[in-house]
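Everything on this sheet refers to the single structure shown next.
All heavy atoms count here, side chains included; hydrogens, waters and symmetry mates do not.
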Amino acid sequence: MQINQIANVDLVKQMNSAVVYKLIDQKGPISRIQISELSQLAPASVTKITRNLLARGLIKEVEQQESTGGRRATSIIVEQKAFHAVLIRLGKTHVTLALMDLSTKLIKREKFELPRELDIIVLEGFLLEKLKDFIHNYQRRSSEIIAIGITVPGFVNMKKNIIEQLPHIELNEPWDLANYLSENLGLPAYVGHEVRSLALAEHYLGVTKDCHDSLLLRIHNGVGAGIVINHEVFLGSKHNVGEIGHIQVDPLGKRCLCGNVGCLETIVSNTAIEDKMQQMLEDGYHSKWLTLESHDIDAICKATNKQDAVATELIEHVGVQIGRVLAMSVNMFNPEKIVLSGEITQAKNVLFSSIRRTLENHALPTFIENTPLVASELINEDVIGAFALVKHAILDGSLLQHLLTE
């Protein structure tokens with residue numbers, strides 16, 4: 001019974017510290033009195049928590065606020081520049097490493113090609129070697145690295161912090177990459193699915209930070225979605241949701257990598273769009289701006305913006321397919337905002353009009369009429385999702401408590 005009581009006391013401390021830090025992060029500069037009022041914690045508790053956060057250097061005092069009578073209250077903000085996170089985006093053929101401070105300022109980014117013959121042992125050794133060199137080369141004496149964030153394209157159990165499936169490596173059992181790196185580098189590590197983590201970054205830093213509920217659709221070499229419900233990424237009891245890229249939209253379409261036929265991904269991914277444009281050009285469609293030698297996704301978007309008929313026709317078709325799948329998602333989740341991310345948003349004027357018309361035809365009118373459709377404005381999209389995992393660990397108190405007790 002005593003052990004449970006101690007555990008409960010520690011959990012309360014963690015939660016209270018997280019509440020205070022989150023208020024300073026979101027509302028700062030803010031006074032202790034304001035923190036107490038907003039958190040409904042006793043002033044003495046707020047004073048004790050802020051004293052601990054100040055001693056650890058996680059927050060700092062700034063200029064005095066204007067007095068409303070009596071002694072002027074000191075304002076507090078979070079310390080961002082002194083703490084860095086190492087970020088990893090593990091792709092199919094490359095790994096990206098980055099160093100970012102808590103203000104999301106990118107300190108350094110490097111990209112490495114993965115070994116051709118991949119298994120878990122080889123990959124772990126490769127990643128550890130590159131990470132040690134990266135940290136040695138770019139860690140600043142005036143800053144402290146506090147955690148590692150990792151994103152992957154496969155299935156992740158975020159509660160257990162393990163990778164369950166990868167599209168390019170066969171796993172005989174769940175891969176505990178986060179724990180492996182943590183033990184070897186002495187840093188807490190957090191792993192998440194790349195699109196779900198991107199939705200979290202959008203919620204913390206991007207165009208959905210004013211929303212309780214939102215839907216992010218990421219279109220790149222694949223298609224995935226991240227759903228945020230009541231400020232948390234929705235994962236479900238099976239830990240992975242949002243694979244709307246594998247909803248069938250064309251029963252007579254191409255075979256998808258998942259094994260099914262006519263998935264959304266086979267029509268709207270970057271590769272699928274480029275392949276379709278090549279086919280159209282080979283079939284005799286004439287474009288003023290596109291050729292068989294130059295028709296990548298960027299060129300297609302630029303041609304669309306120049307009102308090229310062929311490019312416009314293709315992007316409008318893509319918008320219809322996206323709109324149909326989004327309509328299903330809207331009818332199920334009724335988000336406050338829909339966000340599209342990826343190179344295709346460069347043609348958003350044509351694309352979004354097509355999506356919007358399709359949504360209005362297929363989604364419930366009351367669900368869609370006041371739901372904005374917007375393009376992501378995040379930068380460093382390859383690693384910002386990994387940063388969001390570290391940010392989440394601070395705000396939920398787990399990393400914060402680690403920093404306060406180490």
Side-chain angles (χ1 to χ4, degrees), residues 11-43 45-65 73-87 98-107 143-149 187-188 190 192 197-212 214 228 230-233 377-380 383-406:
L11 180 60
V12 170
K13 288 182 179 178
Q14 175 179 319
M15 293 176 64
N16 288 346
S17 296
V19 167
V20 171
Y21 182 91
K22 189 172 184 179
L23 281 171
I24 299 170
D25 182 51
Q26 295 180 344
K27 305 285 187 180
I30 186 172
S31 71
R32 291 171 177 82
I33 294 172
Q34 290 170 320
I35 294 170
S36 178
E37 291 172 350
L38 292 171
S39 66
Q40 297 186 331
L41 293 173
S45 297
V46 171
T47 298
K48 183 177 181 181
I49 292 169
T50 54
R51 186 186 301 125
N52 291 337
L53 292 172
L54 281 166
R56 185 61 179 83
L58 292 164
I59 61 173
K60 59 185 178 182
E61 295 179 336
V62 289
E63 75 281 352
Q64 301 280 332
Q65 292 186 337
T74 303
S75 296
I76 305 171
I77 60 173
V78 299
E79 173 56 62
Q80 296 180 321
K81 294 183 179 180
F83 298 99
H84 291 175
V86 175
L87 311 176
L99 193 64
M100 187 175 281
D101 71 18
L102 295 187
S103 73
T104 70
K105 179 183 178 182
L106 185 67
I107 309 301
S143 63
E144 176 186 355
I145 296 176
I146 58 172
I148 302 169
L187 293 167
Y190 308 92
S197 301
L198 193 61
L200 190 63
E202 201 71 62
H203 180 66
Y204 286 149
L205 309 163
V207 293
T208 64
K209 60 185 177 183
D210 59 341
C211 300
H212 289 75
S214 59
V228 173
N230 197 24
H231 301 292
E232 292 288 341
V233 174
E377 298 175 0
L378 291 176
I379 59 173
N380 303 314
V383 294
I384 198 66
F387 174 84
L389 297 175
V390 175
K391 179 90 170 178
H392 184 267
I394 295 175
L395 296 182
D396 75 7
S398 56
L399 177 54
L400 195 65
Q401 197 66 20
H402 171 82
L403 294 171
L404 289 170
T405 57
E406 64 178 356

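Across all non-hydrogen atoms, the minimal contact from G385 to S197 is O-CB, 3.4 Å. Shortest non-hydrogen contact noted between L404 and N52 is CD2-O, 3.7 Å. In terms of heavy atoms, V62 sits closest to P29 at CG2-CB, 4.2 Å.
By the side-chain hydrogen bond (donor to acceptor under 3.5 Å, both in side chains) test, S143 pairs with H84, sequence neighbours left out. Residues passing the ring-ring contact (aromatic ring centres under 6.0 Å, His included) test with H203 are H231, sequence neighbours excluded. Taking A393 as the reference, Y190, S398, L399 meet the side chain to side chain contact (heavy atoms under 4.5 Å, CB included) condition, with sequence neighbours excluded. For N380, the side chain to side chain contact (heavy atoms under 4.5 Å, CB included) test picks out M100, L106, R109, D382, V383, with sequence neighbours left out. Partners of V19 under the side chain to side chain contact (heavy atoms under 4.5 Å, CB included) rule, at least two apart in sequence or in another chain, are L23, S39. Remark: E37 pairs with no residue by the side-chain hydrogen bond (donor to acceptor under 3.5 Å, both in side chains) rule, at least two apart or across chains. In this structure N230 satisfies the side-chain hydrogen bond (donor to acceptor under 3.5 Å, both in side chains) test with no other residue, sequence neighbours excluded.
Considering CG of L38 and CD1 of I24, their distance stands at 11.5 Å, rounded to 0.5 Å. We find the CG-OG distance between L41 and S36 to be 7.0 Å, quoted to the nearest 0.5 Å. Atom-to-atom distance recorded for I107:CD1 and L99:CG is 6.0 Å, nearest 0.5 angstrom.
Judged as a side chain to side chain donor-acceptor pair (under 3.5 Å), not a single pair has a partner in residues 11-24 (not counting sequence neighbours). Residue pairs meeting the salt bridge (charged side-chain N to carboxylate O under 4.0 Å, His left out) criterion with at least one member in residues 383-392, sequence neighbours excluded: D25-K391. Annotation: salt bridge (charged side-chain N to carboxylate O under 4.0 Å, His left out) contacts involving residues 53-62, sequence neighbours excluded, comprise R32-E61, R56-E144, R56-E406, K60-E79.
Using modelled atom types, one side-chain atom of E202 and one backbone atom of V207 make a donor-acceptor pair closer than 3.5 Å. Between the side chain of T208 and the backbone N or O of C211, no donor-acceptor pair lies under 3.5 Å.
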query = Could you walk me through whether L378 and L198 pass the side-chain contact (heavy atoms from CB on, under 4.5 Å) check?
reply = CA-CA 9 Å; L378 291 176; L198 193 61; 4.0 Å; yes
inquiry  = Determine whether T104 and F387 satisfy the following criterion, side-chain contact (heavy atoms from CB on, under 4.5 Å), listing intermediate values before the conclusion.
reply    = CA-CA 8 Å; T104 70; F387 174 84; 3.5 Å; yes
request  = Go through T50 and I76 one step at a time and tell me if the side-chain contact (heavy atoms from CB on, under 4.5 Å) criterion holds.
outcome  = CA-CA 9 Å; T50 54; I76 305 171; 4.1 Å; yes
side-chain contact (heavy atoms from CB on, under 4.5 Å) between F83 and I145, worked out = CA-CA 6 Å; F83 298 99; I145 296 176; over 6 Å; no
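Looking at V390 and V86, their side chains never come closer than 4.5 Å, going by heavy atoms from C-beta outward. You'll find the side chain of I394 reaches within 4.5 Å of the side chain of I146, heavy atoms only. Residues V78 and L58 have side chains not in contact (no heavy-atom distance under 4.5 Å, counting atoms from C-beta outward). Using a 4.5 Å cut-off on side-chain heavy atoms (C-beta onward), H392 and E232 make contact.
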